[in-house]
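Here the structure is laid out as structure tokens; the discussion comes afterwards.
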Amino acid sequence: MKKAVLYLFIYSIMLCACNAADEDNGSSNVGVNVTTGSAVTATGSAVTATGVSATVSGMAVEKKQLKREKKKIIRIVTDETGKLQKLKLESVNTKKKGIYFSSANWATNYSQVQDGHYYYIRGRGDEVTYTIYQDKKKKVGEFSLKEYINKDSGDYPELIGMVKYKKKFYILFDYLDADGEDIEYESDDGWGGATVLAYIDLKKKKAVKLWDMTGTRIDEGEGVVFCNFYQDFLYYNKKNYWDMEYERPGTFMKSPIKDIKLRETITTTVNLTKAKPYLTYIDGKIYYGIQRGKKVTLYSHDLESGREEKVFCYMRSDNKETTILLEMDEDYIYCQEYLIPRSGGKMIKAFADAKVFESLYDYSYIAKSISYCYNKKYIFYIDKNYRVHRINKKTRQNRIISNLKAAGVDCTEDSVYVKVHAKAWYNKKGMWQELYDDDEGWVSNNCYSHHLYCMDIDGRNVEKIWNGEWK
């Protein structure tokens, strides 16, 4: 009798546990193997845990979020004024970076270091045919935009940007009329440029149109076109003529590469809107900065949650303003003239003597940028006398490695590539003075070409790999 009561009690416990599991999980397929009373208790506990799996799952999500928060490391950094500032930055995979289109209005402006190689293009006399090179003039392929010439109207394509993303080259081009003027088209959003996105078919030597972005005006400046590939999405600031006319911020968009015509509007914060288009995409976040007087504040915007966080704040010793287009590697955050050490310590005004290149942006604002690049061991930049400097990241030793009159500098791990003025075309203020010096009052986008030199990281074994000239 006692045994019967015991078995009945055990059976009741099992039945309750199973019912609880069925209620919580909607499942009636719970298998239990019972051999002893103690085993039943353990099994019953397991079933009960299954019954609250939703709660456990919720706790796991919270723990994951907390774990993400715990990854944020706070370092103390001393700014230029001697104030101690907190650098709040999560562990960041700097290999997961977005890639902007490089400006290609002048064929020799385009340059890009990708997958360990240096890429550049050169145009032909017909102004619609281009050759792509890698490193020391190794030919990658060529492409033509001839098929986009409208013989009836005289409209012809003008290359404005190019990028290598993964295994493909992509380009952006506009249309000019027979007089060389930008063509404006009316769209649902108002008036805008006739921008086309295409990829290069190297086998057929042509550009294959992906998307006619008519009505969308792409911002340009700092040697880049602010159309950005990141994790198989295209991010861009959709601006039309009226946005520019009244200085409205425009709309921030993203489109998947697989179906580029699908568009999604991204909700932005006040700070991100103000910082556009100077945004940097790294490891799931957008990084950007705002300067107010002497105070500069850096933010991050989580692309998944939309959450904005303050990353760092520093004080300048002056009100000088240069473009805030952040770069980041394992050692530093590159911002304005400064290197912000990610491990903590003192900010370095590494680019105090750097040449500030000015370019007209948005027809009203003069963008000011510094030409620099970096690899694992060194940082290279151009000073006010157009010389190339090299900074050792470890020792912070700064030395001049080239006296060539540089207009741009790029580097791989073992080589430095320097663009050099083929003609003195900057005036004393650093602005282009010869754009309007020819007989007709303007010059073609492809009539000027930089010299291009390659050297090792010590500035030795200098080799001229392209001879620039007026065409």
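For the numbers below, each heavy atom of this structure counts, side chains included, while hydrogens, waters and symmetry mates do not.
- Residue pairs meeting the side chain to side chain donor-acceptor pair (under 3.5 Å) criterion with at least one member in residues 200-209: none, sequence neighbours excluded.
- Annotation: Phe173 is in aromatic contact with Tyr148 [ring centroid separation under 6.0 Å].
- Across all non-hydrogen atoms, the minimal contact from Glu308 to Leu272 is OE2-N, 4.1 Å.
- Side-chain contact between Val77 and Met347 is present, with heavy atoms from C-beta onward closer than 4.5 Å.
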message = Go through it in stages, so that I can follow the logic: the residues are Ser415 and Met455, the test is side-chain contact (heavy atoms from CB on, under 4.5 Å), and I'd like the CA-CA distance, side-chain angles, deciding distance and then a yes or no.
response = CA-CA 6 Å; Ser415 299; Met455 61 190 72; over 6 Å; no
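- Residues Glu309 and Tyr299 fail the side-chain proximity criterion, which asks for heavy atoms closer than 4.5 Å.
- Surrounding NZ of Lys393 are more than 12 heavy atoms belonging to other residues, nucleotides or ligands, all under 6.0 Å away.
- Between Tyr278 and Phe226, the distance separating the two ring centers is shorter than 6.0 angstrom.
- Residues that satisfy the side chain to side chain contact (heavy atoms under 4.5 Å, CB included) test with Lys384, not counting sequence neighbours, are absent from this structure.
- No side-chain donor-acceptor contact under 3.5 Å links Gln336 and Glu321.
- Separating the SG atom in Cys313 from the NZ atom in Lys86 is a distance of 12.5 Å, to the nearest 0.5 Å.
- In this structure, Leu326 CG and Leu279 CG are separated by 9.5 Å, a value rounded to the nearest 0.5 Å.
- Ile348 has its side chain out of reach of Tyr338: every pair of non-hydrogen atoms, C-beta onward, lies at least 4.5 Å apart.
- For the pair Lys97 and Asp283, the salt-bridge criterion is not met [side-chain N within less than 4.0 Å of a carboxylate O].
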ask   = Where do Tyr334 and Tyr374 land on the ring-ring contact (aromatic ring centres under 6.0 Å, His included) test, with the steps shown first?
value = CA-CA 10 Å; Tyr334 300 79; Tyr374 52 85; 4.5 Å; yes
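- Under the 3.5 Å distance criterion, the side-chain polar atoms of Asn228 are matched with a main-chain donor or acceptor of Ile99.
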inquiry  = Using side-chain contact (heavy atoms from CB on, under 4.5 Å), reason through Lys261 and Asp259 one step at a time and then give a plain yes or no.
reply    = CA-CA 6 Å; Lys261 294 180 183 179; Asp259 193 350; 4.2 Å; yes
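- Between Ile260 and Leu210 the shortest heavy-atom distance is CG2-O, 3.6 Å.
- Between Glu327 and Tyr332, the side chains place no donor N or O within less than 3.5 Å of an acceptor N or O (distance only, hydrogens not considered).
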request  = Begin from the C-alpha positions of Ile324 and Tyr287 and carry the test side-chain contact (heavy atoms from CB on, under 4.5 Å) through to its verdict.
outcome  = CA-CA 10 Å; Ile324 302 176; Tyr287 292 89; over 6 Å; no
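- Between the side chain of Tyr120 and the backbone N or O of Asp135, at least one donor-acceptor pair lies under 3.5 Å.
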key: Lys320/Asp318 under salt bridge (charged side-chain N to carboxylate O under 4.0 Å, His left out): CA gap, chis, key distance, verdict   = CA-CA 6 Å; Lys320 181 181 178 181; Asp318 55 41; over 6 Å; no
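- Closest approach of Ala275 to Gly289, counting heavy atoms only: CB-O, 3.9 Å.
- Here Arg342 does not pair with Asp329 in a salt bridge; the nearest charged N to carboxylate O distance is not below 4.0 Å.
- Ion pair Asp79/Lys346 not flagged as a salt bridge, since none of the NZ, NE, NH1 or NH2 atoms sits closer than 4.0 Å to an Asp/Glu carboxylate oxygen.
- Rounding to the nearest 0.5 angstrom, the gap separating the CD1 atom in Ile370 from the OG1 atom in Thr323 is 9.0 Å.
- Note on Glu90 versus Lys285: salt bridge recorded, some NZ/NE/NH1/NH2 to OD/OE distance being below 4.0 Å.
- Across all their heavy atoms, Cys227 and Tyr236 have their closest contact at SG-CB, 3.7 Å.
- Looking only at side-chain heavy atoms (C-beta outward), Cys335 and Ile340 come within less than 4.5 Å of each other.
- Annotation: Tyr281 is not in aromatic contact with Phe229 [ring centroid separation under 6.0 Å not met].
- Shown here is Glu147, whose CD atom has more than 12 heavy atoms of other residues, nucleotides or ligands within 6.0 Å.
- Residue Ile257 holds its CD1 atom at 5.0 Å from CG of Asp232, rounded to the nearest 0.5 Å.
- For Ala107 against Gly123, the heavy-atom pair with the smallest separation is CB-N, 3.8 Å.
- Donor-acceptor pairing under 3.5 Å is recorded for the side chains of Asn398 and Tyr381.
- There is no side-chain donor-acceptor pair under 3.5 Å between Glu142 and Tyr133.
- Figure legend: cation-pi geometry between Lys254 and Tyr235 absent, as NZ or CZ is not positioned both under 6.0 Å from the six-membered ring centre and within 45° of its axis.
- Between Ile382 atom CD1 and Ser371 atom OG the span is 3.5 Å, to the nearest 0.5 Å.
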message = Checking Thr131 against Ile121 for the side-chain contact (heavy atoms from CB on, under 4.5 Å) test, could you report, in this order, the C-alpha distance in whole Å, the side-chain angles of both residues, the deciding distance, and whether it holds?
response = CA-CA 5 Å; Thr131 304; Ile121 61 172; over 6 Å; no
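- Between Glu264 and Phe252 the shortest side-chain heavy-atom distance does not fall below 4.5 Å.
- Looking only at side-chain heavy atoms (C-beta outward), Leu404 and Tyr453 come within less than 4.5 Å of each other.
- Neither side chain, Tyr156 nor Glu158, offers a donor N or O lying under 3.5 Å from an acceptor on the other.
- For Gln231 (side chain) and Phe233 (main-chain N/O), no donor-acceptor pair under 3.5 Å exists by modelled atom type.
- Taking the charged nitrogens against the carboxylate oxygens, Lys349 and Glu80 do have a contact shorter than 4.0 Å, which makes a salt bridge.
- Although no hydrogens or angles enter the test, the distance criterion places no donor-acceptor pair under 3.5 Å between the side chain of Ser103 and the main chain of Asn109.
- In this structure, the side chains of Thr280 and Tyr230 stay at 4.5 Å or more apart for every pair of heavy atoms.
- Distance check, rounded to the nearest 0.5 Å: CH2 of Trp466 to CZ of Arg122 gives 6.0 Å.
- Between Phe143 and Met162, the shortest heavy-atom contact is CE2-CE, 4.2 Å.
- Judged as a salt bridge (Lys or Arg N to Asp or Glu O under 4.0 Å), the pairs with a partner in residues 450-460 (not counting sequence neighbours) are, in order, Arg390-Asp458, Arg399-Asp458.
- Checking Ser111 against Lys419 by side-chain atom types alone, a donor-acceptor pair falls below 3.5 Å.
- Ring centroids of Tyr130 and Tyr110 are separated by 6.0 Å or more, keeping the two rings apart.
- A side-chain donor from one of His117 and Gln134 sits under 3.5 Å from a side-chain acceptor of the other.
- Considering only heavy atoms from C-beta on, Asp410 stays 4.5 Å or farther from Phe380 through its side chain.
- Within 6.0 Å of the NZ atom in Lys138, the count of heavy atoms belonging to other residues, nucleotides or ligands does not exceed 12.
- Side-chain N/O atoms of Thr81 and Ser317 include no donor and acceptor closer than 3.5 Å.
- Of the possible donor and acceptor atoms, none in the side chain of Arg292 sits under 3.5 Å from a partner among the backbone N and O of Val296.
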